[in-house]
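Atom set for the values below is all heavy atoms of this structure, side chains included, hydrogens, waters and symmetry mates excluded. Each chain gets a letter, A, B and so on, in the order its sequence line appears, and its residues count up from 1.
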Amino acid sequence: MSETAPSTPGRDFIRDMVERDLAAGRHGGRVVTRFPPEPNGYLHIGHAKSICLNFGLALEYGGTCHLRLDDTNPETEEQEYVEAIQAGVRWLGFDWGENFFHASDYFERLFDFAVELIRRDKAYVDSLNEDEIRDYRGTVTEPGRNSPYRDRTVAENLDLFHRMRAGEFADGAHVLRAKIDMSSPNMKMRDPLLYRIKRATHYHRGDAWCIYPFYDFAHPLSDAIEGITHSLCTLEFENNREIYDWLVDALVESLPFPDPPRQTEFARLNLTYTLMSKRKLLELVERRLVAGWDDPRLPTLAGLRRRGFTPEAIRDFCERIGVAKANSTVDVTLLEHCQREDLNPQVPRVLCVLRPLKLVIENYPEGQVEELDAPFYPHDVPKEGSRKVPFSRVLYIERDDFAENPPKGFHRLSPGREVRLRYAYFIRCESIVKDPATDEIVELRCTYDPATRGGSAPDGRKVPGTLHWVSAEHSVPVEVRLYDRLFKVERPDLEEGGFESVLNPGSLETLTASRLEPAAVDPSLGDRLQFERQGYFYRAPVDSTSGHLVFNRIVPLRDSWAQEVQKQSPAAAAPAPAQKAKPPKETEAKPLEPLTAEEQEQLEQIRPTLLPIVQGVLAAHPTEVERYRSGKTGILGFLVAQVMKQAGPAGKANPKLVNVLLTEKLSGS
RNA sequence: UGGGGCGUCGCCAAGUGGUAAGGCACCAGACUUUGGAUCUGGCACUCGGAGGUUCGAAUCCUCCCGCCCCAACCA
């Protein structure tokens, strides 16, 4: 793992639990976790949360974390996914060492566990068909009924189960079920299915088996086989925990470790403006709504990686979102923030004009070229390095940086206005050249001030803004892909008409005429660069060819001018902020119950002992006293606590009397 | 509706009987050769609601409300 991996993870209920278990000596002091994906899809940032949690826990407590493929359903699983999963975990920066496992490698042992269960009369072969099983299960409000096959003898069940394995029956003819309780209020406990007959080639086991265990059976027992101590999963498995415990407890004597693993659930990650369910991601891929599992607009690890996100940023993000049990949707701006924070202090700044507008400097000699010094890092990034940027008579600037009729607050170029070209000269716009046919601005005619070389004026005059630019002749053409959120709404999954209706048509904008300063072509600068005033970009390795450079925008820079423009647009101004005028709540503390005569007497008795303490506390906490007097009366509780502490062992002082005394002193001098 | 969970700022999230942390977002200002970064300040008199217990409640008790999960031979 890279050394930038966070070393001070946040506190959460899971780490609290692990520490309690460690303190109690459970599991012989071991901490063993696992990340158990099913190889039926690509990993996404929601999995990253789980990976960071499981591997992070192991790292923090000197334990290990296993990577285990939960491959019990041959129909949906593929080797391609296995490799993508391994690549994803490794890319994130985690190492499973020797601990790479397949649940399907445990099939023989799992079969033996099932036989053991049958011998104990805790499992039976059921011969109801699928519909009947559903029917017998009952509903959430009505109990289920026992299957007519539920009372088969142990011998009969043993025989049938072995013959299921031997392939004597058709798919679906029989299943193995746990014998628990068909009237359990927990639907999951109504004799859950343990094994089904399914003739399908397994990507890892081939045709070795024609019966396959279900998740509810395979998962807890795989955990037990591996000596997992803490089995962490997401909230939707809460109801399955009862089976988990039932199984590991039922088979505890046959298990390799004395303390069985226990399952703990936490909330899965949701992110705004995207989708996180494997099913919907698959749909996007299969319907070609995106270019593939690694489409840079997708929240898949493959997509984020191809987009240019860094594992450091993703780990930081996973740490900041915390781990809890409340369903939540994290604002994607937090992810973007983490990515900027990671890149800001380390990547070189270069100049790239995304949408070029030609600019001719009329008083600059034709054919002249100057090499201007430009540092790679701004003053606030403590890194060294610079390059030469060629300056000439014909340049390109960003189209957005010129306005014929500048709106209020516009700091850039407009007719007659002077601005600075970054690291170069002050220029003034003298005239505009338009295409007579379309009226489109095709060229700007400017003059420069030779005295401002480097970007500052000897006479100290100021300029409203600084623009990035490139020399037309020396810059190199590049393709730039501007990625934006895939959906137009925060919660596409909640959309009535399906997520397709809210796809953002502008989620990918491909710019083919962008121009990059020549020095930035050098690959030794690194794969990630900041294009000044635009954002962080990634020299996309899979999309670039030797003669054709492609840059992906990872994340734009914050843009307060764009926000200003937003605010000024009439569309944005429409929704009047419904100011929730909450009437000030009457919070006057209910008056303290008057002291009884007895209490009054007590007070007088104890006053001499308590008074010095009260005064001491008051003197020791002048700011609190000040805040109390300015209306923050809640602090009284804090002051009472201080007096109580000093008054000696609990119970010595009557808090009510302390309260009275304190209030008296506070309202007095 | 039976069962299992969860409700603390716009979004996450600490806090578990004694002053409602922090981050993102947002707002204002300073600084600035990136409208970036940085810095400063502002952002919950109150914790889903109502009662109760207590000197003192987001924390304990009671009732209520809302949201999520469970009736695949998926995981």
How many Å lie between [atom1] on [X] and [atom2] on [N], as a whole number?
X        : N     : atom1 : atom2 : result
A:Glu398 : B:G35 : CD    : P     : 12 Å
A:His411 : B:G36 : NE2   : C1'   : 15 Å
A:Asp16  : B:A13 : CG    : P     : 15 Å
A:Leu271 : B:C24 : CG    : C1'   : 12 Å
A:Glu265 : B:G3  : CD    : P     : 19 Å
A:Glu319 : B:C24 : CD    : P     : 14 Å
A:Glu341 : B:U38 : CD    : C1'   : 12 Å
A:Glu532 : B:A37 : CD    : P     : 13 Å

Using the [atom1] atom as the point on both nucleotides, what is the distance between [M] and [N], in whole Å?
N     : M     : atom1 : value
B:A50 : B:A13 : P     : 24 Å
B:C60 : B:C6  : P     : 12 Å
B:G49 : B:U59 : P     : 10 Å
B:A28 : B:C65 : P     : 43 Å
B:A57 : B:U46 : P     : 14 Å
B:U32 : B:G22 : P     : 29 Å
B:G18 : B:G56 : C1'   : 7 Å
B:U38 : B:C45 : C1'   : 33 Å

N/O-N/O pairs, protein side and nucleotides 27-29 of chain B side, under 3.5 Å:
from: B:C27; atom 1: OP1; to: A:Lys567; atom 2: NZ; distance (Å): 3.2

Strictly below 4.0 Å, heavy-atom distances to any atom of RNA chain B: list the hits from residues 460-469 of chain A, or just say none.
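Here the set is A:Thr466.
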Is there a Watson-Crick or G-U wobble partner for [N] with both distances under 3.5 Å, and which nucleotide is it?
N     : value
B:A25 : none
B:C6  : B:G66
B:C55 : B:G18

Would you indicate whether the side-chain heavy atoms of [Y] and [X] approach each other to under 4.5 Å?
X        : Y        : value
A:Glu398 : A:Leu354 : yes
A:Ile427 : A:Leu413 : yes
A:Tyr536 : A:Asn344 : yes

Quick one: are the ring centres of [X] and [Y] less than 6.0 Å apart?
X        : Y        : value
A:Tyr273 : A:Phe487 : no
A:Phe638 : A:His621 : yes
A:Tyr195 : A:Phe161 : yes
A:Tyr203 : A:Tyr81  : no

Using a heavy-atom cut-off of 4.0 Å across all strands, would you classify [X] as base, sugar-phosphate, or nothing?
X        : result
A:Thr329 : sugar-phosphate
A:Thr141 : base
A:Tyr136 : nothing
A:Val419 : nothing
A:Ser456 : base

Pick the nucleotide of RNA chain B nearest each of A:Val381 and A:Leu335; which residue has the one closer to the 5' end?
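The residue mapped nearer the 5' terminus is A:Leu335.
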For side-chain contact (heavy atoms from CB on, under 4.5 Å), just list the numbers for A:Asp373 and A:Tyr423, CA-CA rounded to whole Å, side-chain angles, deciding distance to a tenth of an Å, and then say yes or no.
CA-CA 7 Å; A:Asp373 282 312; A:Tyr423 310 127; over 6 Å; no
Just jot down the side-chain hydrogen bond (donor to acceptor under 3.5 Å, both in side chains) partners of A:Ser147, sequence neighbours excluded, or say none.
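Scan of A:Ser147 (side-chain hydrogen bond (donor to acceptor under 3.5 Å, both in side chains), adjacent residues dropped) gives A:Asp126.
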Can you give one letter per nucleotide of nucleotides 65-75 of chain B, 5' to 3': B if a protein heavy atom sits under 4.0 Å from the base, S if only from the sugar-phosphate, - if neither?
---SBBBSBSB
So if I define the base as every atom that isn't primed, P, OP1 or OP2, how would nucleotides 17-23 of chain B read as a B/S/- string at a heavy-atom cutoff under 4.0 Å?
-BBS--S
Inter-residue atom distance A:His411.NE2 - A:Thr466.OG1, 0.5 Å rounding:
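A:His411 NE2 to A:Thr466 OG1: 11.0 Å, rounded to 0.5 Å.
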Here's one to test your reading of the geometry: is the NZ or CZ of A:Arg528 within 45 degrees of the ring axis of A:Phe537 and under 6.0 Å from its centre?
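Because its charged atom misses either the 6.0 Å distance or the 45° angle limit, A:Arg528 does not stack over A:Phe537.
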Kindly indicate whether a cation-pi arrangement holds for A:Arg68 with A:Phe101, taking the cut-offs as under 6.0 Å to the six-membered ring centre and within 45° of the axis.
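No, cation not above the ring by the 6.0 Å, 45° rule.
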Run through A:Lys278, A:Glu78, A:Glu77 and flag the one making a side chain to side chain donor-acceptor pair (under 3.5 Å) with A:Asn40.
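Passing option: A:Lys278.
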Where does B:A20 fall, syn or anti, if syn means a chi angle no more than 90° from 0?
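In terms of base orientation relative to the sugar, B:A20 is anti.
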How would you label the glycosidic angle of B:C61: syn (within 90° of 0) or anti?
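This nucleotide is in anti.
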Carboxylate-amine/guanidinium contact A:Arg199 A:Glu75, below 4.0 Å:
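Judged by the 4.0 Å cut-off on N to carboxylate O distance, A:Arg199 and A:Glu75 do not form a salt bridge.
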Salt bridge flag under 4.0 Å for residues A:Glu664 and A:Arg607
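Yes, charged N to carboxylate O under 4.0 Å.
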Which residues satisfy the side-chain contact (heavy atoms from CB on, under 4.5 Å) test with A:Thr452, sequence neighbours excluded?
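If we apply the side-chain contact (heavy atoms from CB on, under 4.5 Å) test to A:Thr452, skipping adjacent residues, the hits are A:Tyr425, A:Phe426, A:Asp449, A:Ala457, A:Arg461.
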Is there, by distance only and without an angle test, a donor paired with an acceptor across the side chain of A:Arg412 and the base of B:G35 below 3.5 Å?
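Yes.
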Less than 3.5 Å between a donor and an acceptor, one on the side chain of A:Gln530 and one on the base of B:U34, is that the case here?
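Indeed there is one.
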Decide yes or no on side-chain hydrogen bond (donor to acceptor under 3.5 Å, both in side chains) for A:Arg491 and A:Thr329, but give the supporting numbers first.
CA-CA 9 Å; A:Arg491 301 291 308 267; A:Thr329 300; 3.0 Å; yes
